[in-house]
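Below: one structure, written as C-alpha coordinates.
Just follow the structure's listing: the first ligand is 1, and inside any ligand the first atom is 1.
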Amino acid sequence: MFNLAVFVSGRGSNLESILNYFSESSITVKVVISNKPDCYAVKLAAENNIECIFVGKAETPKFIDFERLIEKLKILKIDLIVLAGYLKKIPDEFIDQFPNKIINIHPALLPSFGGKGMYGANVHKAVFNSSAKVSGATVHFVNSSYDEGKIIAQRVIDISKVRSPEEIAEKVLKIEHELLPFVIKKFEEGKVQLLGSRVYLKN
Ligand code: GRF
(Lines give C-alpha, C1' and ligand atoms only; values in the text may rest on other atoms or scores of the structure.)
Protein backbone atom coordinates (compact mmCIF):
# COMPACT_ATOMS: atom_id res chain seq x y z
CA MET A 1 0.00 0.00 0.00
CA PHE A 2 1.09 3.56 -0.74
CA ASN A 3 -0.68 5.84 1.71
CA LEU A 4 -1.68 9.39 0.90
CA ALA A 5 -2.76 12.21 3.20
CA VAL A 6 -4.61 14.87 1.21
CA PHE A 7 -5.03 18.43 2.51
CA VAL A 8 -8.09 20.30 1.24
CA SER A 9 -10.01 23.52 1.88
CA GLY A 10 -12.65 23.75 -0.83
CA ARG A 11 -14.28 22.18 -3.82
CA GLY A 12 -12.26 18.96 -3.82
CA SER A 13 -12.15 18.27 -7.54
CA ASN A 14 -8.50 17.22 -7.33
CA LEU A 15 -9.31 14.92 -4.42
CA GLU A 16 -12.08 13.45 -6.54
CA SER A 17 -9.74 12.88 -9.47
CA ILE A 18 -7.24 11.13 -7.18
CA LEU A 19 -9.99 8.89 -5.79
CA ASN A 20 -11.22 8.02 -9.28
CA TYR A 21 -7.78 7.49 -10.73
CA PHE A 22 -6.59 5.18 -7.97
CA SER A 23 -9.85 3.41 -7.16
CA GLU A 24 -8.44 0.03 -8.25
CA SER A 25 -4.87 0.49 -7.11
CA SER A 26 -2.51 0.11 -4.19
CA ILE A 27 -2.49 3.88 -3.77
CA THR A 28 -4.96 4.85 -1.04
CA VAL A 29 -6.18 8.11 0.41
CA LYS A 30 -5.75 7.17 4.04
CA VAL A 31 -6.79 10.50 5.51
CA VAL A 32 -8.11 13.88 4.45
CA ILE A 33 -7.04 16.93 6.42
CA SER A 34 -8.81 20.26 6.35
CA ASN A 35 -9.07 23.60 8.08
CA LYS A 36 -12.70 23.82 6.91
CA PRO A 37 -14.95 21.07 8.26
CA ASP A 38 -17.88 22.15 6.08
CA CYS A 39 -16.17 22.29 2.70
CA TYR A 40 -17.29 20.14 -0.20
CA ALA A 41 -14.00 18.19 -0.24
CA VAL A 42 -14.64 17.03 3.34
CA LYS A 43 -18.13 15.86 2.36
CA LEU A 44 -16.62 13.94 -0.51
CA ALA A 45 -14.11 12.29 1.82
CA ALA A 46 -16.87 11.33 4.24
CA GLU A 47 -18.94 9.83 1.41
CA ASN A 48 -15.93 7.70 0.54
CA ASN A 49 -15.47 6.61 4.17
CA ILE A 50 -12.13 8.34 4.45
CA GLU A 51 -11.05 9.56 7.86
CA CYS A 52 -11.12 13.38 8.12
CA ILE A 53 -8.97 15.36 10.49
CA PHE A 54 -9.47 19.06 11.12
CA VAL A 55 -6.44 21.10 11.80
CA GLY A 56 -6.11 24.51 13.40
CA LYS A 57 -3.55 26.60 15.21
CA ALA A 58 -4.76 25.41 18.59
CA GLU A 59 -6.55 22.33 19.85
CA THR A 60 -10.32 22.67 20.22
CA PRO A 61 -12.96 19.93 20.47
CA LYS A 62 -13.06 19.70 16.68
CA PHE A 63 -9.53 20.70 15.68
CA ILE A 64 -6.10 19.33 16.46
CA ASP A 65 -2.85 21.26 16.19
CA PHE A 66 -0.02 20.44 13.81
CA GLU A 67 2.06 18.78 16.51
CA ARG A 68 -0.66 16.17 17.05
CA LEU A 69 -1.16 15.89 13.32
CA ILE A 70 2.51 14.95 12.86
CA GLU A 71 2.07 12.10 15.37
CA LYS A 72 -1.11 10.94 13.65
CA LEU A 73 0.40 10.89 10.18
CA LYS A 74 3.41 8.96 11.44
CA ILE A 75 1.13 6.38 13.04
CA LEU A 76 -0.83 6.10 9.79
CA LYS A 77 2.45 5.52 7.91
CA ILE A 78 1.76 8.17 5.30
CA ASP A 79 4.03 7.90 2.28
CA LEU A 80 3.09 11.16 0.56
CA ILE A 81 1.27 14.31 1.64
CA VAL A 82 -0.64 16.06 -1.12
CA LEU A 83 -1.93 19.62 -0.86
CA ALA A 84 -4.93 19.79 -3.19
CA GLY A 85 -6.46 23.20 -2.76
CA TYR A 86 -5.37 23.71 0.84
CA LEU A 87 -5.42 27.45 1.45
CA LYS A 88 -3.53 27.84 4.69
CA LYS A 89 0.20 27.98 5.25
CA ILE A 90 1.78 24.72 6.42
CA PRO A 91 3.99 25.39 9.47
CA ASP A 92 7.73 24.85 9.08
CA GLU A 93 7.80 22.37 11.99
CA PHE A 94 5.42 20.17 10.02
CA ILE A 95 7.38 20.48 6.77
CA ASP A 96 10.61 19.56 8.56
CA GLN A 97 9.08 16.27 9.71
CA PHE A 98 8.33 15.08 6.17
CA PRO A 99 11.32 15.97 3.98
CA ASN A 100 10.53 15.66 0.26
CA LYS A 101 7.19 14.10 1.05
CA ILE A 102 4.87 17.10 0.73
CA ILE A 103 3.68 18.22 -2.68
CA ASN A 104 1.28 20.92 -3.87
CA ILE A 105 -0.60 21.56 -7.08
CA HIS A 106 -0.69 25.12 -8.34
CA PRO A 107 -2.94 26.31 -11.19
CA ALA A 108 -0.28 28.19 -13.18
CA LEU A 109 3.23 27.79 -14.47
CA LEU A 110 5.53 28.50 -11.56
CA PRO A 111 7.78 30.32 -10.83
CA SER A 112 5.40 32.89 -12.36
CA PHE A 113 1.99 33.66 -10.86
CA GLY A 114 2.69 32.15 -7.45
CA GLY A 115 3.14 33.40 -3.90
CA LYS A 116 0.92 34.75 -1.18
CA GLY A 117 -2.56 35.67 -2.38
CA MET A 118 -2.09 33.80 -5.65
CA TYR A 119 -4.82 31.22 -5.42
CA GLY A 120 -8.09 30.47 -7.16
CA ALA A 121 -9.46 33.15 -9.46
CA ASN A 122 -6.63 35.57 -8.56
CA VAL A 123 -4.15 33.38 -10.40
CA HIS A 124 -6.19 33.11 -13.58
CA LYS A 125 -6.97 36.85 -13.58
CA ALA A 126 -3.28 37.64 -13.26
CA VAL A 127 -2.42 35.26 -16.10
CA PHE A 128 -5.19 36.70 -18.29
CA ASN A 129 -4.12 40.29 -17.63
CA SER A 130 -0.47 39.46 -18.26
CA SER A 131 -1.33 38.71 -21.92
CA ALA A 132 0.56 35.39 -21.66
CA LYS A 133 -0.20 32.90 -24.42
CA VAL A 134 0.27 29.82 -22.28
CA SER A 135 -0.70 28.76 -18.80
CA GLY A 136 -0.77 25.41 -17.10
CA ALA A 137 -0.42 23.51 -13.87
CA THR A 138 2.58 22.86 -11.66
CA VAL A 139 3.21 20.19 -9.05
CA HIS A 140 6.01 21.14 -6.70
CA PHE A 141 7.54 20.26 -3.37
CA VAL A 142 6.36 22.35 -0.45
CA ASN A 143 8.93 24.38 1.41
CA SER A 144 8.59 27.26 3.83
CA SER A 145 7.76 29.85 1.14
CA TYR A 146 4.48 29.82 -0.78
CA ASP A 147 4.86 28.10 -4.19
CA GLU A 148 8.67 28.18 -4.13
CA GLY A 149 9.59 24.52 -3.62
CA LYS A 150 11.31 22.58 -6.38
CA ILE A 151 9.16 21.94 -9.42
CA ILE A 152 8.33 18.28 -10.00
CA ALA A 153 6.13 18.41 -13.10
CA GLN A 154 4.27 20.87 -15.28
CA ARG A 155 1.71 20.74 -18.07
CA VAL A 156 1.23 23.61 -20.45
CA ILE A 157 -1.93 24.73 -22.25
CA ASP A 158 -2.46 27.18 -25.07
CA ILE A 159 -4.54 30.16 -23.94
CA SER A 160 -3.99 32.34 -26.98
CA LYS A 161 -7.68 32.25 -27.86
CA VAL A 162 -9.34 32.53 -24.44
CA ARG A 163 -11.66 35.46 -23.74
CA SER A 164 -11.83 35.38 -19.94
CA PRO A 165 -9.97 34.26 -16.80
CA GLU A 166 -12.78 31.75 -16.22
CA GLU A 167 -11.96 30.05 -19.49
CA ILE A 168 -8.35 29.68 -18.37
CA ALA A 169 -9.51 28.27 -15.03
CA GLU A 170 -11.60 25.63 -16.75
CA LYS A 171 -8.82 24.54 -19.08
CA VAL A 172 -6.21 24.44 -16.31
CA LEU A 173 -8.41 22.43 -13.96
CA LYS A 174 -8.78 19.72 -16.58
CA ILE A 175 -5.03 19.22 -16.82
CA GLU A 176 -4.61 19.41 -13.05
CA HIS A 177 -6.82 16.35 -12.81
CA GLU A 178 -4.36 14.43 -14.98
CA LEU A 179 -1.10 15.90 -13.73
CA LEU A 180 -1.56 15.30 -10.01
CA PRO A 181 -2.38 11.56 -10.31
CA PHE A 182 0.50 11.21 -12.79
CA VAL A 183 2.95 12.64 -10.26
CA ILE A 184 1.55 10.61 -7.35
CA LYS A 185 2.03 7.46 -9.41
CA LYS A 186 5.66 8.42 -10.05
CA PHE A 187 6.22 8.72 -6.31
CA GLU A 188 4.65 5.34 -5.71
CA GLU A 189 6.90 3.80 -8.35
CA GLY A 190 9.97 5.43 -6.79
CA LYS A 191 10.59 7.34 -10.01
CA VAL A 192 11.08 10.80 -8.54
CA GLN A 193 14.71 11.75 -8.29
CA LEU A 194 16.15 14.92 -6.77
CA LEU A 195 19.49 16.00 -8.16
CA GLY A 196 20.83 19.37 -7.06
CA SER A 197 18.35 22.06 -7.91
CA ARG A 198 16.24 19.86 -10.20
CA VAL A 199 13.73 17.05 -9.94
CA TYR A 200 13.73 14.26 -12.52
CA LEU A 201 10.90 11.86 -13.28
CA LYS A 202 12.11 8.52 -14.59
CA ASN A 203 10.15 6.68 -17.27
C1 GRF B 1 -6.78 23.93 -7.75
O2 GRF B 1 -6.86 24.83 -8.82
C3 GRF B 1 -5.35 23.80 -7.26
O4 GRF B 1 -4.40 23.97 -8.26
C5 GRF B 1 -5.23 24.90 -6.26
O6 GRF B 1 -6.48 24.97 -5.64
C7 GRF B 1 -7.48 24.47 -6.52
C8 GRF B 1 -8.21 23.39 -5.79
O9 GRF B 1 -9.32 22.93 -6.48
N10 GRF B 1 -4.12 24.71 -5.36
P11 GRF B 1 -10.11 21.68 -5.96
O12 GRF B 1 -10.51 21.96 -4.51
O13 GRF B 1 -9.21 20.49 -6.05
O14 GRF B 1 -11.30 21.55 -6.86
Distance to 0.1 Å, residue and atom name: give those for the protein heavy atom nearest to atom 11 (P) of ligand 1. Ser13 N, 3.4 Å
When you compare ligand 1 with Gly10, is there at least one nitrogen or oxygen pair between them that comes in under 3.5 angstrom? no
Does Glu189 come within less than 4.0 Å of Lys185, counting only side-chain N to carboxylate O? yes
What's the shortest distance from atom 9 (O) of ligand 1 to any protein heavy atom, and which residue and atom give it? Arg11 NH2, 3.1 Å
Just distances here: any N/O of Asn14 and N/O of ligand 1 closer than 3.5 Å? yes
Could you check whether any heavy atom of Gly12 sits closer than 4.0 Å to an atom of ligand 1, since that is the contact criterion I want to use? yes
shortest atom 5 (C) of ligand 1-to-protein heavy-atom contact is with Ile105 O, 3.7 Å
Is any side-chain heavy atom of Lys202 closer than 4.5 Å to one of Gln193? yes
Centroid separation under 6.0 Å, is that true for the rings of Phe141 and Phe98? no
Do Leu69 and Ile78 share a hydrophobic cluster, counting only Ile, Leu, Val, Met, Phe, Trp and Tyr and linking them when any side-chain heavy atoms are less than 4.5 Å apart? yes
Is a salt bridge present between Lys30 and Glu51, judged by a nitrogen-to-oxygen distance below 4.0 Å? no
For atom 6 (O) of ligand 1, closest protein heavy-atom neighbour: Gly85 CA, 3.4 Å
Among protein heavy atoms, which lies nearest atom 3 (C) of ligand 1, and at what distance? Glu176 OE1, 3.1 Å
What residue among Val82, Ile95, Leu80 forms side-chain contact (heavy atoms from CB on, under 4.5 Å) with Ile102? Ile95
